[in-house]
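Position 1 is the first residue of the sequence, and the numbers go up from there. Note that this is a predicted model, so its numbers are computed, not measured.
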Amino acid sequence: GAADYGAVLETLRMAQTEFPGDPELLTLEEAARQALERTRQAEQLLAEGQRLASEQRGPEALDLLRRAHESDPRNPQVRAALVEALAAQARAILESDWRAAEALILEALELDPNHSLARSLRTLAQDRKRDEAVASVFLQARDLRAAGNLEAALAQAEQCLSAFPNEPRLLQLRDILSRELQQAQEARRRAARRAALEEVRRWEREAAEMADGAEVQSRLLRAQEVAQ
């Protein structure tokens, strides 16, 4: 803290009485003086930030605590206060804006990967993210299904499953859409088969009415090809 840098400055001043004008000592003294100033500034910002945090003024407190950490990034008290403020603000906004909360949580965990509250909040934010994605896919699938585009609806479900594997709701949606798509494809195949057979019968009727043997043979061959 500031007391440590003050002690360093005092030691350097004493050394300069023995070695006046020593350039290395002068450089060290200047570096220590600048570090002391940054530390004092960080401690002032820390105190003000903690006061704002106690008044539930989270965004303002975060601004000051971030500035304190920038001024003295090695100060453990500043780091701890910033992490606590980040986690507290993330918890306050998680229900209303999980994206903003997630950004704060990640910032906190970058400073302290083992912070228990931040880790718990990260799990909750991931739950919100998954729930929102699942709800969105269900809405998209409903609209695509209503439009008769089952292939696109199934593709949306599978894409979301790639991000959230083994999500029960998505697995159920995929199974339903797959089954409906298979049924629709089978219905199309049956309809095409019926149409082809009807075309064969029409050609056969026309062939039966023709006198030209070669033309009759040609029509019958075409009918056989369609029927296969």
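- The distance from the CG atom of Leu150 to the CD atom of Gln182 is 11.0 Å, given to the nearest 0.5 Å.
- Taking 4.5 Å as the limit, every side-chain heavy atom of Val137 sits out of range of all side-chain heavy atoms of Leu139.
- In this view, Glu158 satisfies the side-chain hydrogen bond (donor to acceptor under 3.5 Å, both in side chains) rule with no residue, not counting sequence neighbours.
- Arg189 pairs by the side-chain hydrogen bond (donor to acceptor under 3.5 Å, both in side chains) definition with Glu186, not counting sequence neighbours.
- Applying the under-4.5 Å side-chain rule to Ile, Leu, Val, Met, Phe, Trp and Tyr, the cluster around Ile176 consists of that residue alone.
- Taking 4.5 Å as the limit, every side-chain heavy atom of Leu65 sits out of range of all side-chain heavy atoms of Leu45.
- For Arg51, the side-chain hydrogen bond (donor to acceptor under 3.5 Å, both in side chains) test picks out Glu48, Glu55, with sequence neighbours left out.
- To the nearest 0.5 Å, atoms CD (Gln126) and CZ (Phe164) are separated by 9.0 Å.
- The neighbour count for Gln77 CD, taken as heavy atoms of other residues, nucleotides or ligands under 6.0 Å away, does not exceed 12.
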For residues 78-86, tabulate all N or O donor-acceptor pairs below 3.5 Å that involve a side-chain atom, not counting sequence neighbours.
residue	atom	partner	partner atom	Å
Arg79	NH2	Pro73	O	3.0
Glu84	OE2	His115	NE2	2.8

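- Within a 6.0 Å sphere centred on CD of Gln172, other residues, nucleotides and ligands contribute 12 heavy atoms or fewer.
- For residues 130-139, the pairs satisfying side-chain hydrogen bond (donor to acceptor under 3.5 Å, both in side chains) are Trp98-Glu132, Arg99-Glu132, Asp127-Arg130, Arg130-Glu167, Asp131-Arg169, Ser136-Gln140, with sequence neighbours left out.
- Summarising the geometry, atom CG belonging to Leu177 is positioned 9.0 Å from atom CG belonging to Asp175; distances are rounded to the nearest 0.5 Å.
- Rounding to the nearest 0.5 Å places CG of Leu161 at 4.5 Å from CG of Leu170.
- Applying the side-chain contact (heavy atoms from CB on, under 4.5 Å) test to Asn166 and every residue at least two apart in sequence or in another chain returns nothing.
- Taking CZ of Phe138 as the reference point, atom CD of Gln156 lies at 13.0 Å (rounded to 0.5 Å).
- A continuous path of hydrophobic side-chain contacts links Leu124 to Leu117 [ILVMFWY only; heavy atoms under 4.5 Å].
- Taking NE2 from His69 and CG from Leu62, the interatomic distance works out to 13.0 Å, rounded to the nearest 0.5 Å.
- In this structure, Ala155 has no side-chain contact (heavy atoms from CB on, under 4.5 Å) partners at least two apart in sequence or on a different chain.
- Considering only residues two or more places apart in sequence or on other chains, Glu60 meets the side-chain contact (heavy atoms from CB on, under 4.5 Å) condition with Leu52, Arg57.
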Sequence neighbours left out, cut at 3.5 Å: what donor-acceptor pairs do the side chains of residues 101-111 make with other protein atoms?
residue	atom	partner	partner atom	Å
Glu107	OE1	Arg66	NH2	2.9
Glu107	OE2	Arg66	NE	2.9

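- In the hydrophobic clustering of this structure, Val134 groups with Leu173; members are Ile, Leu, Val, Met, Phe, Trp, Tyr whose side-chain heavy atoms approach within less than 4.5 Å, directly or through other members.
- Partners of Arg174 according to the side-chain hydrogen bond (donor to acceptor under 3.5 Å, both in side chains) rule, which considers only residues two or more places apart in sequence or in another chain, do not exist here.
- Taking Ile, Leu, Val, Met, Phe, Trp and Tyr as members and joining any whose side-chain heavy atoms lie under 4.5 Å apart, directly or through other members, Leu144 forms no hydrophobic cluster with any other residue.
- Between Gly49 and Ala61, the shortest heavy-atom contact is O-CB, 3.4 Å.
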